[in-house]
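For reference, the structure discussed in these notes is given below.
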There are 2 protein chains.
Amino acid sequence: MRRDIFQAIADPTRRAIIALIAVQAMTPNAIAENFQTTRQAISKHLRILTECELVITKQQGREIYYTLELDKMKEIDKWLEQFRQLWETRYSQLDELLTTLKSKKK
Amino acid sequence: MRRDIFQAIADPTRRAIIALIAVQAMTPNAIAENFQTTRQAISKHLRILTECELVITKQQGREIYYTLELDKMKEIDKWLEQFRQLWETRYSQLDELLTTLKSKKK
DNA sequence: AATATACGCAACCGATTGGTTTCTCAAAAT
DNA sequence: ATTTTGAGAAACCAATCGGTTGCGTATATT
């Protein structure tokens, strides 16, 4: 079980589920209504999302509400950070280059 | 071939490759030296990364240099945007709550 | 000209994935 | 008390994945 966030968000259905429950907590049946697959398939996706802690559950009677764990989403953001730094410095380098070119023109 | 970025970054080896070539363009052999697998395995990963345009190639003699396409990386950032908005508004709501509590204390 | 190197491609293999169907169980509704 | 409903668990299946080995080819080196 290699359950990590990157593997979890690799599936388009799971990304759609994430987007859905980001707005409000939902039950498996309610989620499944938005897709043309069985509830069991959705249930499996939810298990994967729960296992990597991207989603937390709250039982209420016989219904189980699934909520997005935003803090876990931040881990993706954290990973992106190193590249964001790169593309920002590259842009500033481009800026510098343009500035240099302009000043040379004068 | 469902080659999308999210599927591409799902594999830890591919994420490592991305991090490697983010610094500088590299050949398959040079990349493979950093892992304990065969060059062919790395080559396959590079093909996947190329197919979803996360990486571009530049032939130089018999060597092929692989470079990270930062613009494509931004697409992940773009997807995260919707959730970033959520977690920021939630924090500001928390801030508001704290401010309200403080003013009530007075 | 002959050999070595860098690389992509194809065939193959076991493990994993996403999906279905069937079953069970507990909570609600009748 | 019986039936309906919400949901996880298990068994199964085809497709895909990550890896290996072997091969072909173009560029360098000798």
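In what follows, chains carry the letters A, B, and so on, assigned in the order in which the sequence lines appear, proteins first and then strands, with residues in each chain numbered from 1. If you're wondering where the values come from, they're calculated on a predicted model, not measured in any experiment. Worth knowing before you read on, the calculation uses all heavy atoms, side chains too, and leaves out hydrogens, waters and symmetry mates.
Regarding B:E33, its CD atom lies at a distance of 10 Å from the P atom of C:dC7, rounded to whole Å. One can place NZ of B:K58 at 18 Å from P of D:dT27, the figure rounded to the nearest angstrom. Atoms CG (A:D11) and C1' (C:dT17) sit 9 Å apart, rounded to a whole Å. One can place CG of B:L49 at 16 Å from C1' of C:dG8, the figure rounded to the nearest angstrom. If you take CD of A:Q59 and P of C:dA27, they are 8 Å apart, rounded to a whole angstrom. Taking atom CD1 of A:I9 as the reference point, atom P of C:dG18 lies 13 Å away to the nearest angstrom. Atoms CD1 (B:I48) and C1' (C:dC9) sit 14 Å apart, rounded to a whole Å. Between A:R15 atom CZ and C:dG18 atom P the separation is 11 Å, expressed in whole Å.
Residues satisfying the side chain to side chain contact (heavy atoms under 4.5 Å, CB included) test with A:Q82, not counting sequence neighbours, are A:W79, B:A19. Legend: residues meeting side chain to side chain contact (heavy atoms under 4.5 Å, CB included) with A:R84, ordered by chain and number and at least two apart, are A:D77, A:L80, A:E81, A:W87, A:E88, B:D77, B:R84. For B:E63, there are no salt bridge (Lys or Arg N to Asp or Glu O under 4.0 Å) partners at least two apart in sequence or on another chain. Qualifying salt bridge (Lys or Arg N to Asp or Glu O under 4.0 Å) partners for B:E53, counting only residues two or more places apart in sequence or in other chains: B:K72.
When the side-chain nitrogen and oxygen atoms of B:Q7 are compared with OP1 and OP2 of D:dC17, one or more of them lie within a distance under 4.0 Å. Side-chain N/O atoms of B:H45 include none lying less than 4.0 angstrom from OP1 or OP2 on D:dC17. The side chain of A:T38 places no N or O atom within less than 4.0 Å of a non-bridging phosphate oxygen (OP1 or OP2) of C:dG19.
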Annotated protein contacts, base or backbone, on nucleotides 6-11 of chain D with a non-hydrogen cut-off under 4.0 Å, one of B, S, - each: SBBB--
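Each side chain to side chain donor-acceptor pair (under 3.5 Å) pair with one or both residues in residues 15-40 of chain B, not counting sequence neighbours, would appear here, but there are none.
Interatomic distance, B:K44 NZ to B:L49 CG, rounded to the nearest 0.5 Å: 13.5 Å. With rounding to the nearest 0.5 angstrom, the OG1 atom of B:T50 is 12.5 Å from the NE2 atom of B:H45.
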